[in-house]
Amino acid sequence: GNVLCEAYGDSGKFQQSDAAYEAAATADPKNAGMYYTNEAIVMSRNNQTDLTIKATDAAIAASPNSPRQPMITARSEKAAKIFARASSAW
(Lines give C-alpha, C1' and ligand atoms only; values in the text may rest on other atoms or scores of the structure.)
Protein backbone atom coordinates (compact mmCIF):
# COMPACT_ATOMS: atom_id res chain seq x y z
CA GLY A 1 0.00 0.00 0.00
CA ASN A 2 2.02 2.94 1.27
CA VAL A 3 5.24 2.06 -0.55
CA LEU A 4 3.60 1.98 -3.98
CA CYS A 5 1.58 5.12 -3.27
CA GLU A 6 4.67 6.99 -2.13
CA ALA A 7 6.73 5.75 -5.07
CA TYR A 8 4.14 7.08 -7.51
CA GLY A 9 4.06 10.45 -5.76
CA ASP A 10 7.81 10.85 -5.50
CA SER A 11 8.27 9.97 -9.17
CA GLY A 12 5.82 12.65 -10.31
CA LYS A 13 2.89 10.31 -10.99
CA PHE A 14 0.57 12.30 -8.75
CA GLN A 15 -2.77 11.11 -10.13
CA GLN A 16 -1.66 7.46 -9.87
CA SER A 17 -0.47 8.12 -6.32
CA ASP A 18 -3.79 9.73 -5.39
CA ALA A 19 -5.73 6.81 -6.88
CA ALA A 20 -3.53 4.28 -5.06
CA TYR A 21 -4.03 6.04 -1.71
CA GLU A 22 -7.80 6.16 -2.34
CA ALA A 23 -7.82 2.44 -3.12
CA ALA A 24 -5.80 1.65 0.01
CA ALA A 25 -8.12 3.74 2.21
CA THR A 26 -11.20 2.11 0.68
CA ALA A 27 -9.78 -1.39 1.09
CA ASP A 28 -8.73 -0.73 4.69
CA PRO A 29 -11.16 1.86 6.11
CA LYS A 30 -9.96 1.30 9.68
CA ASN A 31 -6.61 2.80 8.62
CA ALA A 32 -7.93 5.34 6.10
CA GLY A 33 -6.71 8.25 8.21
CA MET A 34 -3.17 6.90 8.09
CA TYR A 35 -3.26 6.52 4.31
CA TYR A 36 -4.63 10.02 3.77
CA THR A 37 -2.12 11.52 6.23
CA ASN A 38 0.71 9.82 4.38
CA GLU A 39 -0.69 11.07 1.09
CA ALA A 40 -0.80 14.62 2.46
CA ILE A 41 2.86 14.35 3.44
CA VAL A 42 3.91 12.99 0.04
CA MET A 43 1.89 15.56 -1.89
CA SER A 44 3.10 18.43 0.28
CA ARG A 45 6.70 17.31 -0.13
CA ASN A 46 6.16 17.38 -3.91
CA ASN A 47 4.43 20.81 -3.94
CA GLN A 48 1.06 19.42 -5.04
CA THR A 49 -1.17 21.95 -3.29
CA ASP A 50 -4.58 20.75 -4.50
CA LEU A 51 -3.83 17.13 -3.68
CA THR A 52 -2.35 18.11 -0.31
CA ILE A 53 -5.54 19.93 0.61
CA LYS A 54 -7.69 17.04 -0.63
CA ALA A 55 -5.68 14.48 1.33
CA THR A 56 -5.59 16.51 4.53
CA ASP A 57 -9.34 17.07 4.40
CA ALA A 58 -9.83 13.31 3.93
CA ALA A 59 -7.41 12.53 6.78
CA ILE A 60 -9.26 14.88 9.13
CA ALA A 61 -12.61 13.36 8.17
CA ALA A 62 -11.33 9.79 8.54
CA SER A 63 -9.54 10.34 11.86
CA PRO A 64 -10.93 13.39 13.65
CA ASN A 65 -9.41 12.32 16.99
CA SER A 66 -5.97 11.43 15.69
CA PRO A 67 -3.00 12.65 17.77
CA ARG A 68 -1.53 13.79 14.43
CA GLN A 69 -4.51 16.09 13.89
CA PRO A 70 -2.62 19.36 14.60
CA MET A 71 0.08 18.45 12.06
CA ILE A 72 -2.52 17.48 9.47
CA THR A 73 -4.48 20.69 9.98
CA ALA A 74 -1.34 22.85 9.80
CA ARG A 75 -0.30 21.16 6.56
CA SER A 76 -3.75 21.79 5.07
CA GLU A 77 -3.75 25.44 6.14
CA LYS A 78 -0.26 25.98 4.70
CA ALA A 79 -1.30 24.40 1.39
CA ALA A 80 -4.46 26.52 1.25
CA LYS A 81 -2.42 29.72 1.79
CA ILE A 82 0.02 28.77 -0.96
CA PHE A 83 -2.89 28.01 -3.29
CA ALA A 84 -4.55 31.35 -2.51
CA ARG A 85 -1.33 33.27 -3.19
CA ALA A 86 -0.75 31.44 -6.46
CA SER A 87 -4.37 31.97 -7.57
CA SER A 88 -4.26 35.69 -6.86
CA ALA A 89 -1.11 36.04 -8.96
CA TRP A 90 -3.05 34.97 -12.04
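Since we're looking at a predicted model, the values are computed, not measured.
- With values rounded to the nearest 0.5 angstrom, L4 atom CG is found 8.0 Å from S17 atom OG.
- By the 4.5 Å heavy-atom criterion applied to side chains, E6 and R45 are counted as neighbours.
- Of the inter-residue distances, the one linking M43 atom CE with N38 atom CG reads 11.5 Å to the nearest 0.5 angstrom.
- Within the 4.5 Å cutoff, the side chain of Q16 has no heavy atoms near those of the S11 side chain.
- The heavy-atom pair separating A40 from T56 by the smallest distance is CB-CG2, 3.4 Å.
- Between atom OH of residue Y21 and atom CE of residue M34 there is a gap of 9.0 Å, rounded to the nearest 0.5 Å.
- Distance check, rounded to the nearest 0.5 Å: CG of N46 to OH of Y8 gives 15.5 Å.
- Nearest heavy atom pair, residue A59 against residue T37, reads CB-OG1, 3.5 Å.
- Nearest heavy atoms, V42 versus G9: CG1-CA, 3.9 Å.
- Minimum heavy-atom separation, A32 to A25: CB-CB, 3.8 Å.
- Looking at residues two or more places apart in sequence or on another chain, you find no salt bridge (Lys or Arg N to Asp or Glu O under 4.0 Å) involving D28.
- At a threshold of 4.5 Å between non-hydrogen side-chain atoms, the residues K54 and D18 count as touching.
- Under the side chain to side chain contact (heavy atoms under 4.5 Å, CB included) criterion, A58 pairs with Y36, sequence neighbours left out.
- Here the SG-CD distance, from C5 to E22, works out to 10.0 Å after rounding to the nearest 0.5 Å.
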